[in-house]
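So the structure is just underneath, and the comments pick up after that.
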Amino acid sequence: MGNRGGKRGRGGSRGGGRGGGQRSIRTDYSEVPKANAQYEQYYNELGLVEEAEREDFWTALRRELPNSFRFTGSKGQALPVQQLLKDRYIPEITSIEHNGELVNPPNAISWFPDQLAWQMTTPKSVVRKFPPFASFQKFLVSETSVGNISRQEVVSMIPPLLMDVKPGMTVLDLCAAPGSKAAQLIEMVHGGEEARTRKVVRKMKMDQGRETSPDGRLTEEQMKEEEQNGDWSDDGRTTGLLIANDADYKRAHMLVHQMKRLNSPNLIVTNHDATMYPSIKLPTDPIREGGETRNRYLKFDRILADVPCSGDGTCRKNVNVWKDWNPGNALGLFSTQVRILVRALQMLKVGGRVVYSTCSMNPVENEAVVATAIDRCGGMSKVDIIDCSSALPELKRRQGFNDWKVMDKQGRIWPSWQAVEAEKAKNGEEGLGRLSEFMFPSTKRAEAGSLDRCMRVYGHLQDTGAFFITVLEKKIEIKARPEAESKKPEPEPTSIMDVVKEIEAKTTNGSDPLQKIEAADKIVQPQTNDYAEGVSAAARQNQENAPSSTTTAVKREHDTETDAAMSTKRLKTRDGIEVEDPAPQGDEDRQVHWPPPPAAQLDASRPETQTSLPSPAPPLGENQKQFNKNKQPYEEPFKYLDPDQPDLRSIYEFYDLSPVFPRDRFMVRNALGHPSKTIYYTSALARAILTANASSGIKFVHCGVKMFVKQDVQSAEVCRWRIQSEGLPVLEAWVGEKRVVRLWERSTLRALLVEMFPKVDGKGWKGLGEIGERVRDVGMGCCVLRVEKGDGRDSFSERMVLPLWRSLHSLNLMLPKEDRKAMLLRLYNEDTPLMDHSKERFHDSKAQSNADIKDEPDAIKDEAETNADVKDELAVKEDVEGNVAAAGLGEHVEAREDGAGDGDVEMEDDVLSDGLKQEEEVEDGV
């Protein structure tokens, strides 16, 4: 985790849009003066901490932030990697002495579950001197490259933990990029899935009298945990969903890059302004009320609103906070933050939770936003602040404020709104224009006395950055008051006789009916609509005080990988139109709501909501790019395949796929709906959402995992569709035995990792040990390699599943080089160079053909067969090496792998270029 001098982060400059401007010059953190008079004055006067803590508070903020990281994936994936850290690397580091003292090793974060989060405070000057740290760094880089470790700041891990996500829940992350918190959420959505699926498959095979693979200790333990509370409705597969959204298109794709390492079919990524996030229609049967057809809309169990903020709590890694902080940053973001939180509460189920968080210490962005949003939603009787003081008991925190002061742009500190009004009346509004009544505490609001339930984390408490978190619960349905509308007292009830008497008193001629009508109109003024006809509810709600074109917001990047994307967040309006569709099976019990909240019914006539509906892209010449009318690369539509589609039928037969595995969830990304290169797989709810909103204008950026990729083969009898490594965990349990190869010995797997394309023909199979006979006899094409658990010294303690390719003359693990090297380091503590036999075979075949082809006609046939096999090997290698880039850089590289003409393109070269430039700025860590 690195600190980058001069970066535009949440607390940095607010000028310019994301991706714009010149790249900042790297500055050493220790060389930057850490002083800002207004910054220190404001927070000292607020009394963030007691007087006795003040020196420790500021001293901590001036220190560089420790490096921190988190083990990712399911428990079955994360705990073995964590155990390796404890057993192999910690003892080596613990023994190091520097200046006569033992060096502090990495230590587990005490409040994080299962010790899956760690941090290290050892200075870099010490790290560079000792070889054990070099080995540790190689381990971190290796496991990060394959997605087993995520470098993330400690305090940014807190909000997902307080959401209390359970398997089967529907979750929304409104401001998700770059994706570290979203990764935590998707892990929670999939909690226990591996154990549940294994148990279902085990029972199914036992009923059929078939052999089952032994499960590892961790999987067995999880099975017991899932028996009572697990999500079993879809044969153990999780039925929940995470929708991760970001308002910036390029950051949304960087989000995909971070999230796709977790290989979830239960993830959708969207690209919308969080303040006006469109309601998502479900394809359930319409409700008929009074003869009218009503659509139904999805509501969420949990929502994370990790909003754009000034980021002044990030000063330990973002040095620009000290140089650039000014009170106007927070004042300009207040309205946007309130809108996002109100929108989140509108889309929440009754009984659901919204977690609101910032990395700012300013109460204007924190307690004031929470109080205003609750007030707009009807008060504490409808939205409550949950007391989380007992959650994460070892996390040190402070209570939220019930009273605070506000600093204006000129640096004047105001104790109340009344004092501001008095100044305006006396000397005018200069310097006070951004101040609002709602930025100040109010004793009149019911929520005023409950803000101490909010949570504040400061840097000196546990050597972290600063953070603010609030957990809100929706108690009953709400109807949010428009932003500019003041709270009006309820009119006193009036009897009919009182109205009649008032009308008679206002008429001079009691027998003239026209006079009575005019008198009635004066008593009860007709309702008028101040807004233009056709303006959407969301637009009406946010029309007042809408952000100007120059207003930008900075999204705090507390995750280390976000150092690459620290720039301003531009909020855009992107909405869609509602359509109808029949309901798929399994969605009837999803909680929905009517009437839809603001932004549910979106007006396509307004310029800001006119978006291109999914349609075939126009043909382009070579090297031309496709863009929509909003200057963004064209997104191919999501098209689900008929379960009886010929390519799918060949897949079912070749892999002997169990009929229990769902066959209506395969899709492609092209306008024709034809499986030309890649077949994706999604969950049932994701399918329902994509099909119901296909023409709604909602901007879906990503969904599903790559399940099958078309492979060039030399035989018509071989299935051209191989299983992609990211889809293998979802599919492997349902693949029949005829395409399964089993392995028990560590030495055999090591040989497959080190050697690429070892020979199988002739007597080559004899060098493959225990799997030799099996791979000799198995037909060409893709296989599932099951690495089984055993009890011997040369055995594995946990099972693994890997993709294997059997060509005419050779065999190969379908793994990128980075994955091979990471597994060699993890399992064998080796950094052995890889051997690529395909190059040898290619050169040998060329030499043999040149020597023999003139005198031996039969050799022509042999050479043709050899070259065909070599080409097959090289094609497999090229495809796998393409996935190396895909695993490390995201879907923009997959686009080049898949080819620009087959419709599976998901990212354009300009987005790739920008992403690469950003990633170059990420520090390598420890």
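Sequence positions, counted from 1, serve as the residue numbers for this chain.
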Gap between atom [atom2] of [Y] and atom [atom1] of [X] - 0.5 Å precision:
X: Leu731; Y: Ile651; atom1: CG; atom2: CD1; result: 9.0 Å
X: Arg722; Y: Met814; atom1: CZ; atom2: CE; result: 3.5 Å
X: Leu753; Y: Thr832; atom1: CG; atom2: OG1; result: 10.0 Å
X: Lys181; Y: Ser156; atom1: NZ; atom2: OG; result: 4.5 Å
X: Asn148; Y: Gln82; atom1: CG; atom2: CD; result: 12.5 Å
X: Leu140; Y: Ser135; atom1: CG; atom2: OG; result: 11.0 Å

Check whether any side-chain heavy atom of [X] sits under 4.5 Å from a side-chain heavy atom of [Y], and report yes or no.
X: Val127; Y: Phe136; value: no
X: Val189; Y: Leu267; value: no
X: Asp246; Y: Met254; value: no

Practice problem: Taking only Lys NZ, Arg NE, NH1 and NH2, and the carboxylate oxygens of Asp or Glu, determine whether Lys706 and Glu726 approach each other closer than 4.0 Å. | Solution: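 No.
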So, [X] side chain and [Y] main chain: donor-acceptor pair closer than 3.5 Å or not?
X: Glu770; Y: Trp744; result: yes
X: Glu193; Y: Thr238; result: yes
X: Arg88; Y: Arg826; result: yes
X: Arg806; Y: Val775; result: yes
X: Arg665; Y: Ala686; result: no
X: Arg151; Y: Asn67; result: no
X: Glu187; Y: Gly73; result: yes
X: Arg251; Y: Ala177; result: yes
X: Arg739; Y: Cys782; result: yes
X: Ser142; Y: Phe139; result: no

Assess the side chains of [X] and [Y]: does a donor N or O sit below 3.5 Å from an acceptor N or O?
X: Ser747; Y: Asp794; value: yes
X: Glu818; Y: Ser145; value: no
X: Gln184; Y: Gln152; value: yes

Self-check item: Heavy-atom closest pair, residues Phe71 and Ala78
Solution: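 Closest approach of Phe71 to Ala78: CB-CB, 4.0 Å.
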Quiz item: Given the rule in the side-chain contact (heavy atoms from CB on, under 4.5 Å) test, do Tyr828 and Leu749 qualify, once you have shown the distances and angles that lead to the verdict?
Solution: CA-CA 10 Å; Tyr828 306 96; Leu749 179 60; 3.6 Å; yes
Quiz item: So which of Asn271, Thr270, Asp173 actually passes side-chain hydrogen bond (donor to acceptor under 3.5 Å, both in side chains) with Asn245?
Solution: Thr270
Self-check item: Pair Tyr655 + Phe661: ring centers closer than 6.0 Å
Solution: no
Quiz item: Listed by chain and number, what are the salt bridge (Lys or Arg N to Asp or Glu O under 4.0 Å) partners of Glu830, not counting sequence neighbours?
Solution: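 Residues passing salt bridge (Lys or Arg N to Asp or Glu O under 4.0 Å) with Glu830: Arg750.
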Exercise. Answer yes or no: are there more than 12 heavy-atom neighbours, outside Lys86 itself, under 6.0 Å from its atom NZ?
Key: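 Counting neighbours around NZ of Lys86, more than 12 heavy atoms of other residues, nucleotides or ligands fall under 6.0 Å, so yes.
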Exercise. Applying side-chain contact (heavy atoms from CB on, under 4.5 Å), run through Met259 and Leu242 and close with a yes or a no.
Key: CA-CA 11 Å; Met259 297 293 294; Leu242 171 66; 3.9 Å; yes
